[in-house]
Amino acid sequence: QVQVVESGGGLVQPGGSLRLSCAVSGFSTGNVVITWFRQAPGKQREFVARVNGGGGAVYGDSAKGRFTISRGYAKNTAYLQMNLLRPDDTAVYYCASDRFHNGVDPRPYTYWGQGVQVTVSS
């Protein structure tokens, strides 16, 4: 059974940093793609970044230049380092994975974490 668990959300002031963690368990392979999405109130779920088993990363426009996604040492773990946070980064951040999908559309993804709240406010 596949499980996705996120951690690391919280309240931060504008310009600050946060690091989110994601652990995906239940896949036999250690090379699953791990993807972060976010959803702000009243908005659609938005692609943030993804990382493949080799550490190759792809970023959404909102994340470029400020966020860094990386692979952890443990099997199928990943981190999202978020710097220079802005109030419009406030959202619930979700980690997701799927054997067959790794695109920017969240709808095909099968496995999701419970989400972590990130609030950027002074």
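Cation-pi contact between Arg71 and Tyr79: absent, since separation from the ring centre below 6.0 Å together with deviation from the ring axis within 45° is not met.
Put simply, the side chain of Glu46 never gets that close to the backbone of Gln39: no donor and acceptor are under 3.5 Å apart. In terms of modelled atom types and a separation under 3.5 Å, the side chain of Tyr93 and the main chain of Val48 share no donor-acceptor contact. Formation of a donor-acceptor pair under 3.5 Å by the Lys75 side chain with backbone atoms of Val24 is not found in this model. In this structure, Asn76 contributes its side chain and Gly26 its backbone to no donor-acceptor pair below 3.5 Å. Counting only distance, with no hydrogens or angles, the side chain of Gln81 and the backbone of Thr68 share no donor-acceptor pair below 3.5 Å.
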Test log, rule side-chain contact (heavy atoms from CB on, under 4.5 Å), inputs Phe67 and Asn83: CA-CA 6 Å; Phe67 296 1; Asn83 299 327; 6.0 Å; no
CA sep, side-chain torsions, deciding dist, call: Tyr111, Val2, side-chain contact (heavy atoms from CB on, under 4.5 Å): CA-CA 7 Å; Tyr111 306 107; Val2 176; 3.5 Å; yes
Chi angles and distances behind the side-chain contact (heavy atoms from CB on, under 4.5 Å) call for Val4, Cys22: CA-CA 7 Å; Val4 181; Cys22 177; 3.7 Å; yes
Criterion side-chain contact (heavy atoms from CB on, under 4.5 Å) on Ile34 and Cys95, from CA distance to verdict: CA-CA 7 Å; Ile34 297 177; Cys95 184; 3.4 Å; yes
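Listed here is the closest heavy atom pair of Phe47 and Gly60: CE2-N, 3.5 Å. Between Glu6 and Tyr94, the shortest heavy-atom distance links the atoms OE2-CA, 3.3 Å. In terms of heavy atoms, Val118 sits closest to Gly9 at CG2-CA, 4.2 Å. Of all heavy-atom pairs between Thr90 and Ala40, the closest is O-CB, 3.6 Å. Arg66 and Leu85 get closest at one heavy-atom pair: NH1-CA, 3.9 Å. Ser97 and Phe27 get closest at one heavy-atom pair: OG-CE1, 3.7 Å.
Within the 4.5 Å cutoff, the side chain of Val51 has no heavy atoms near those of the Val33 side chain.
Not counting sequence neighbours, the partners of Asp105 by the side-chain contact (heavy atoms from CB on, under 4.5 Å) test are Arg107, Pro108. Judged as a side-chain contact (heavy atoms from CB on, under 4.5 Å), and not counting sequence neighbours, the contacts of Ser121 are Leu11, Thr119.
Interatomic distance, CG of Asn52 versus CG of Asn102, reported as 8.5 Å (0.5 Å rounding). The distance from the OG atom of Ser62 to the CZ atom of Arg86 is 7.5 Å, given to the nearest 0.5 Å. For the atom pair CZ of Arg38 and CE of Met82, the computed distance is 8.5 Å after rounding to the nearest 0.5 Å. Interatomic distance, CZ of Phe37 versus CZ of Arg50, reported as 9.0 Å (0.5 Å rounding). For the atom pair OH (Tyr109) and OG1 (Thr35), the distance works out to 3.5 Å, reported to the nearest 0.5 Å. From Leu80, atom CG reaches atom CG of Leu18 across 9.5 Å, with rounding to the nearest 0.5 Å.
Around atom CD of Gln114, more than 12 heavy atoms belonging to other residues, nucleotides or ligands sit under 6.0 Å away.
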